[in-house]
Amino acid sequence: MDATPLDTRPVPDGPQPQRVLAEHLVQRALLLTSQVLGRVIDAGEFLSPAGVRGVRVAITRLRAGWRLLAPALPLQAAQAETRLRALHHALAGDRSRFVRLATLQRECAGSDDPDLRPAFDELSQVAPFAGTGEGLSARGLAENVGRTFRAESRAWRELGAAALAADVRPALRQAYRRLRNAARLAHRDDPDGWHRWRLRLKRVLYQLELVTGPGAGLPPGLLAQWRTLADQLGRLQDLEDLRAVLGELRAPAQARAGARVLEHVRNRQRRLFRKVKAARGEAFALRPREFVRLLGDPGPAARPGEGRADGHGEGGPAAAAPVAAP
């Protein structure tokens, strides 16, 4: 199973009524659960790294969907969070090693410096990176995935009218506001800030995928810009993980090779962050209220002080102008 967006029937661009947003959420969550069940059944007891990643991405999508329903259905959302988080952790396995090795190989292939290649080759053979890369095979893994996703399918089917009556727009507005603030606050020497920005951007992208059509009613090209930013932030995070591991190498030969690669990694991080920093002002110029208005029917006017749990309401600094670079 891959991590591509869900195949869905086209829906009209532009604002959608509140009930339509909720209907799309339930339909697409059910489609996602059926896709995972079908593909995992085909895979049997063995999941390739791509298969593991596909299931983990599906879990992240579903968790993002449940967050939209949490204000109206807190018990069901909490049960789903417990269920999905447990499977997410069970599937972690050797994911870090696979990602680390893939990042090292990608940087090696993309480097024009011939002096780096011996260092890359040497590091790919040592413990933090070495491995077959063939995937995960564990007794009970397929059963665990199947059991969890059958429970997910049942939970979404049983929501019925309660889900269709839920207004997901306030949760979307809050998610976008927090994303906007995370983008504004991130800076180059703050890996936790990059990570927070990336997680919140992915969450909003997945939520839009679940509740809207391809255009989402947003300005043309905006979602493509967000997806590019998410990819760049993901590469930044992968490079940061690689950088941390390289700094822990202690054997003299490995440490020398690691130091050479480390300089390359830091240069790559600087270049990538310049790109995301340059793009974020335009990418998140929409104010939260306008963002939600473009997705669905205008909601009720905000009450004074609404939405300040993360430090900024819609009338606060984050909403006064396009996101500024710190």
Side-chain angles (χ1 to χ4, degrees), residues 1-8 24-70 76-103 105-106 131-159 175 195 198-211 226-227 230-231 233-235 237-238 241:
M1 178 179 181
D2 60 26
T4 55
L6 291 172
D7 296 327
T8 57
H24 289 162
L25 173 59
V26 174
Q27 291 168 1
R28 290 168 181 171
L30 285 169
L31 174 62
L32 186 53
T33 60
S34 67
Q35 288 176 339
V36 171
L37 286 169
R39 293 174 184 178
V40 170
I41 288 170
D42 290 343
E45 285 289 330
F46 179 84
L47 283 177
S48 68
V52 172
R53 180 174 182 271
V55 175
R56 285 169 61 92
V57 169
I59 291 170
T60 306
R61 284 175 171 152
L62 289 169
R63 291 171 75 181
W66 281 110
R67 282 177 178 266
L68 295 178
L69 293 178
Q76 294 92 326
Q79 291 171 338
E81 175 66 17
T82 300
R83 178 170 61 239
L84 291 169
R85 184 172 52 198
L87 179 59
H88 204 255
H89 290 165
L91 289 173
D94 285 341
R95 177 184 178 276
S96 294
R97 178 170 58 82
F98 290 135
V99 171
R100 202 175 293 139
L101 179 60
T103 303
Q105 292 171 336
R106 182 173 62 243
T132 63
E134 292 178 350
L136 298 177
S137 180
R139 177 175 295 179
L141 180 61
E143 288 87 346
N144 192 1
V145 174
R147 181 169 57 251
T148 299
F149 274 83
R150 283 192 296 272
E152 271 296 288
S153 180
R154 184 166 57 251
W156 284 98
R157 287 196 310 270
E158 291 175 352
L159 289 178
H195 187 55
R198 175 175 174 253
L199 289 179
R200 291 183 176 175
L201 177 53
K202 287 173 60 180
R203 181 179 301 159
V204 171
L205 282 169
Y206 290 153
Q207 288 172 339
L208 290 175
E209 175 186 313
L210 288 167
V211 303
W226 285 7
R227 291 186 184 105
D231 289 342
L233 289 166
R235 289 198 294 275
Q237 191 64 38
D238 292 343
D241 178 66

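Residue numbers run from 1 in the order of the sequence given.
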Inset, instruction - Check whether any side-chain heavy atom of D241 sits under 4.5 Å from a side-chain heavy atom of T103, and report yes or no. - result: no
Inset, instruction - Please step through side chain to side chain contact (heavy atoms under 4.5 Å, CB included) for the pair Q27 and L30, ending with a clear verdict. - result: CA-CA 5 Å; Q27 291 168 1; L30 285 169; 6.0 Å; no
Legend entry - Single hit among V36, L32, L31 for side chain to side chain contact (heavy atoms under 4.5 Å, CB included) with S34: L31
Legend entry - Residue R67 excluded, over 12 heavy atoms near CZ under 6.0 Å: no
Inset, instruction - Go through L210 and L68 one step at a time and tell me if the side chain to side chain contact (heavy atoms under 4.5 Å, CB included) criterion holds. - result: CA-CA 10 Å; L210 288 167; L68 295 178; 5.7 Å; no
Legend entry - Note, R63 side chain near R85 side chain (heavy atom, < 4.5 Å): yes
Legend entry - Minimum heavy-atom distance Q207-A175, with the two atoms named: OE1-CB, 3.5 Å
Inset, instruction - Considering non-hydrogen atoms only, spot the tightest contact between A64 and Y206 and give its length. - result: CB-CB, 4.1 Å
Legend entry - Check: H88 main-chain N/O paired with R56 side-chain donor or acceptor under 3.5 Å: yes
Legend entry - Minimum heavy-atom distance R198-A230, with the two atoms named: NE-O, 4.2 Å
Inset, instruction - Give, for atom OG1 of T82 and atom CG of L87, the distance between the pair rounded to the nearest 0.5 Å. - result: 13.0 Å
Inset, instruction - Give, for atom OG1 of T60 and atom CZ of R53, the distance between the pair rounded to the nearest 0.5 Å. - result: 9.5 Å
Legend entry - Exam field: side chain R28 to backbone E209, donor-acceptor pair closer than 3.5 Å: yes
Legend entry - Main-chain N/O of F149 paired with S153 side-chain donor or acceptor, under 3.5 Å: no
Inset, instruction - Report the distance from atom CZ of R150 to atom OG1 of T33, rounding to the nearest 0.5 Å. - result: 11.5 Å
Inset, instruction - Working to the nearest 0.5 Å, report the span between CG of L69 and CG of L25. - result: 5.0 Å
Legend entry - Gap separating the CD1 atom of I59 from the NE2 atom of H89, nearest 0.5 angstrom: 10.0 Å
Legend entry - Nearest heavy atoms of E152 and A80, plus distance in Å: OE2-CB, 3.7 Å
